[in-house]
Amino acid sequence: MTPAGAIDFDGSSDQVARELIGMTLLVDGVGGVIVETEAYDREDPASHSHSGPTARNAAMFGPPGHAYVYRSYGIHWCLNFVCREAGHGAGVLIRALQPTHGLERMAQRRGLSDPRLLCAGPGRVGQALGITREHNGLPLDADPFGLLPATDALPVVAGPRIGISKAVDVPWRFGAAGSRFLSRPFRQAALTSM
DNA sequence: CCTGTGATCAGCT
DNA sequence: GCTGATCACAGGC
């Protein structure tokens with residue numbers, strides 16, 4: 001079984017986003033437990049893929065189980081996992097990690113040492129893990145990526161996604177219930193599972 | 001606690 | 001031109 005074999009990226013992005021909570025993401029051995037994700041889909045007006053393939057979002061229309069990296073607000077690098085069948089344009093944004101591996105390296109890159117602030121937000125995750133344009137389109141089951149199965153089944157909460165203006169009512173933000181490493185707390189446990 | 005603003009770029013109207 | 005799947009910092013309450 002490959003490291004990424006523990007999850008089925010051919011599934012829908014909301015299901016993958018939920019299943020990723022509790023798994024460990026590493027880039028060059030640096031990373032932690034995924035505690036917050038958001039799902040996006042081609043039918044979703046808030047998704048980068050909504051208007052079809054472009055030079056930027058090409059990876060989203062490539063094979064599942066690969067990375068889609070984009071520049072946010074001209075400054076931050078954000079990491080997504082491509083889902084569903086190739087050509088569909090679905091993905092999961094990695095929004096927050098609980099740092100477990102390479103804390104020193106992350107602190108160095110981020111210019112802070114507070115574990116709670118190292119990976120609490122998609123831009124922060126990108127900076128802490130050293131994500132750049134170079135990672136766009138790379139497979140998640142090979143170097144430098146590593147994806148390890150969850151050791152414990154964490155209770156998952158869902159709620160509305162953050163920082164978007166369209167499809168605000170779609171509850172496609174998922175998180176580890178009660179985690180102190182979220183980008184923002186979940187207002188209420190609208191949905192729980194596992 | 002909260003609100004405002006700058007940084008800086010790809011895509012869209 | 002303007003907007004946005006963001007963050008850090010400044011200032012006010």
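Here is how names work: the chains are called A, B, and so on, in the same order as the sequence lines, proteins then strands, and each is numbered from 1. Reckoned from all heavy atoms, side chains included, excluding hydrogens, waters and symmetry mates. None of these values were measured; they are calculated from a predicted model.
- Of the possible donor and acceptor atoms, none in the side chain of Asp152(A) sits under 3.5 Å from a partner among the backbone N and O of Leu154(A).
- Contact check, Ser47(A) against dA5(C): no side-chain N or O comes under 4.0 Å of OP1 or OP2.
- Residues in residues 80-108 of chain A take part in these ring-ring contact (aromatic ring centres under 6.0 Å, His included) pairs, two or more places apart or across chains: Phe9(A)-Phe81(A).
- Judged as a side chain to side chain donor-acceptor pair (under 3.5 Å), the pairs with a partner in residues 114-137 of chain A (not counting sequence neighbours) are, in order, Arg110(A)-Gln127(A).
- Remark: the backbone N or O of Ala128(A) is paired with a side-chain donor or acceptor of Arg109(A) at under 3.5 angstrom.
- Put simply, the side chain of Ser12(A) does not reach to within 4.5 Å of the side chain of Asp41(A), judged on heavy atoms.
- Taking the side chain as every heavy atom from C-beta outward, Pro99(A) and Phe181(A) approach each other to under 4.5 Å.
- Side-chain atoms of Glu19(A) do not come within 3.5 Å of backbone N or O of Ile7(A) as any donor-acceptor pair.
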List every contact pair, protein side and nucleotides 6-9 of chain C side both N or O, where the distance is under 3.5 Å.
{"from": "dT6(C)", "atom 1": "OP1", "to": "Arg95(A)", "atom 2": "NH1", "distance (Å)": "3.3"}
{"from": "dT6(C)", "atom 1": "OP2", "to": "Gly163(A)", "atom 2": "O", "distance (Å)": "3.4"}
{"from": "dT6(C)", "atom 1": "O4'", "to": "Ser72(A)", "atom 2": "OG", "distance (Å)": "3.2"}
{"from": "dT6(C)", "atom 1": "O2", "to": "His76(A)", "atom 2": "NE2", "distance (Å)": "2.7"}
{"from": "dC7(C)", "atom 1": "OP1", "to": "Pro122(A)", "atom 2": "N", "distance (Å)": "3.1"}
{"from": "dC7(C)", "atom 1": "OP1", "to": "Gly123(A)", "atom 2": "N", "distance (Å)": "3.2"}
{"from": "dC7(C)", "atom 1": "O4'", "to": "His76(A)", "atom 2": "NE2", "distance (Å)": "2.9"}
{"from": "dA8(C)", "atom 1": "OP1", "to": "Arg110(A)", "atom 2": "NH1", "distance (Å)": "2.9"}
{"from": "dA8(C)", "atom 1": "OP1", "to": "Arg110(A)", "atom 2": "NH2", "distance (Å)": "2.9"}
{"from": "dA8(C)", "atom 1": "OP2", "to": "Arg124(A)", "atom 2": "NE", "distance (Å)": "2.7"}
{"from": "dA8(C)", "atom 1": "OP2", "to": "Arg124(A)", "atom 2": "NH2", "distance (Å)": "2.3"}

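- dT3(C) atom P lies 12 Å from atom NZ of Lys166(A), rounded to whole Å.
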If you look only at distance, which donor and acceptor atoms sit under 3.5 Å apart when one is on a side chain in residues 59-74 of chain A and the other is two or more places apart or in another chain?
{"from": "His66(A)", "atom 1": "ND1", "to": "Gly137(A)", "atom 2": "O", "distance (Å)": "3.0"}
{"from": "Tyr68(A)", "atom 1": "OH", "to": "His48(A)", "atom 2": "ND1", "distance (Å)": "2.9"}
{"from": "Arg71(A)", "atom 1": "NH1", "to": "Ile75(A)", "atom 2": "O", "distance (Å)": "2.9"}

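- Here the side chain of Ser49(A) pairs no donor or acceptor atom with the backbone of Ala90(A) at under 3.5 angstrom.
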From CA spacing to verdict: side-chain hydrogen bond (donor to acceptor under 3.5 Å, both in side chains), Gln98(A), Ser179(A): CA-CA 8 Å; Gln98(A) 174 176 345; Ser179(A) 172; 4.8 Å; no

Give every pair of a protein N or O atom and an N or O atom of nucleotides 10-12 of chain B that lie under 3.5 Å apart, one pair per line with the distance.
{"from": "dG11(B)", "atom 1": "OP1", "to": "Arg56(A)", "atom 2": "N", "distance (Å)": "2.7"}

Bracket notation of DNA chain C in which parentheses pair within the strand, [ ] cross earlier pairs, and | pairs with another strand (Watson-Crick or G-U, under 3.5 Å): ||||.|||||||.

